[in-house]
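Every heavy atom of this structure was used, including side-chain atoms; hydrogens, water molecules and symmetry mates were not.
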Amino acid sequence: MSELKESDLVTSSRRDGDSLVASIRGEIDLHNSPEFRDLLLEAIRRTMPKKLVLNLAQVPHMDSSGLAVLVETMQKLRKLGGRIFLTDVQPRVRSILEIARLDTVFILSKDEQEALTK
Amino acid sequence: MERVARGVRKSVPGHHAPLTGMTLSDTTLSDRPCSAPYDKPALEAAVNAPPHQPGPATQRLEQRFSSDPANIAPARKAVEALAAAAGFDDKAIGEIGLCVNEAMANVIRHAYGGRTDQPMSITAELIDDATALRVTIRDWGSGVNPTDLPLKPHDPFRPGGLGLVCLRSLMDQIEFSEQPDGMLLIMVKRKPKDPRRRS
């Protein structure tokens, strides 16, 4: 059963213990970042995971509005005692994370398996 | 730089939304909406450099569209395609694309206050013997120069203002040229002299 609301932005999502794993797809910018925000915040509110693992293998581009969504999601998760992991981060997305100095704030993992075992 | 009257005229003939698509042409820069003085010699040289003429990569891109966020991606991709055709490496293409994205988003959010039906215009062209790409973004919005705003200490947990940080760190030159009825942003990205040295 999909844990995140069906959307073009989410290819799949599942529960793994107290973790929520979601694969995100597409370029995220000011146009669709509000939808991205709604999806993530609703998923947190509904499932309250200890770990949110976002597989970004199919996200070739993300702008600062997408980053703002990730930051807000992380802050909400922290209040619930949870953490957010980003996996399979593509070069362009890694670049903006570095510019924003968020590459050391988010937990970046090579893949979902690594994130789930951390 | 002398500040000019702002908000005098918000509509521009030929700039009525919606998206009118994009054109690639090898025409000269005949209607470049750039008339303000520049205080940086290097930027002035780049801004005034004639478009690259010989060879197949002489295409010039000009797009006019509305300030709808849905137009960011197609505009960005068109500029990226021009940069790719001109031989910029993948890293530079991504940096150019991100800057176009952030600059457009800033116009939509700040110059137009989120309104989605306002005019915007982008040009991109090769300059300096095709060793650099010049991108301009014109708006007819508030005319506020973001570089005049007070600098805030960087806080990773507040990504607001990141767009300007991207422009400053990823482009070789940027200039906000205040216009009588809005703003013209000029960005220049140069090809690395030795791409093998790129990290």
Worksheet item: In the single-linkage hydrophobic clustering (I, L, V, M, F, W, Y; side-chain heavy atoms under 4.5 Å), do Leu39(A) and Val53(A) co-cluster?
Response: no
Fill in: Nearest atoms (heavy-atom pairs only) where Glu102(B) meets Ile96(A)
OE2-CD1, 3.9 Å
Fill in: Engaged part of Glu72(A) at the chain B interface, taking heavy atoms whose separation is under 4.5 Å
neither
Fill in: Segment of Met62(A) engaging chain B (4.5 angstrom heavy-atom cut-off)
backbone
Discussion item. Looking at Lys118(A), I'd like to know if its NZ atom is crowded, meaning that more than 12 non-hydrogen atoms belonging to other residues, nucleotides or ligands lie closer than 6.0 Å.
Written reply: yes
Practice prompt. Kindly give the heavy-atom pair with the smallest separation between Pro69(B) and His31(A), and that separation in Å.
Written response: O-CB, 3.5 Å
Worksheet, complete the sentence: Ranking Leu170(B), Asp90(B), Ile72(B), Leu98(B) by heavy-atom pairs under 4.5 Å to chain A gives rank one to Leu98(B)
Worksheet item: Ser65(A) and Arg109(B): which non-hydrogen atoms are nearest, and at how many Å?
Response: CB-NH1, 4.0 Å
Fill in: Distance (rounded to the nearest 0.5 Å) between Asp63(A) CG and Asn106(B) CG
10.0 Å
Discussion item. For chain B, which candidate among His61(A), Met74(A), Gln75(A) shows the most heavy-atom pairs at distances under 4.5 Å?
Written reply: His61(A)
Practice prompt. First locate atom OG of Ser64(A), then atom CG of Leu164(B), and finally report the distance between them rounded to the nearest 0.5 Å.
Written response: 11.0 Å
Item to complete: Determine whether Leu116(A) and Ile44(A) fall in the same hydrophobic cluster, where Ile, Leu, Val, Met, Phe, Trp and Tyr are linked whenever their side-chain heavy atoms lie under 4.5 Å apart.
Response: no
Worksheet entry | Hphob cluster co-occupancy, Val71(A) + Ile28(A), side-chain heavy atoms under 4.5 angstrom | yes
Worksheet entry | Derivation and outcome, side chain to side chain donor-acceptor pair (under 3.5 Å), residues Ser95(A) and Glu95(B) | CA-CA 8 Å; Ser95(A) 173; Glu95(B) 291 169 351; 5.2 Å; no
Practice prompt. Answer yes or no: is there a side-chain heavy-atom contact under 4.5 Å between Arg92(A) and Ile93(B)?
Written response: yes
Discussion item. On a heavy-atom basis, which atom in Ala73(B) and which in Glu27(A) lie closest, and how many Å separate them?
Written reply: CB-OE1, 4.5 Å
Worksheet item: Can Val21(A) be reached from Val69(A) by stepping across I, L, V, M, F, W or Y side chains whose heavy atoms are under 4.5 Å apart?
Response: no
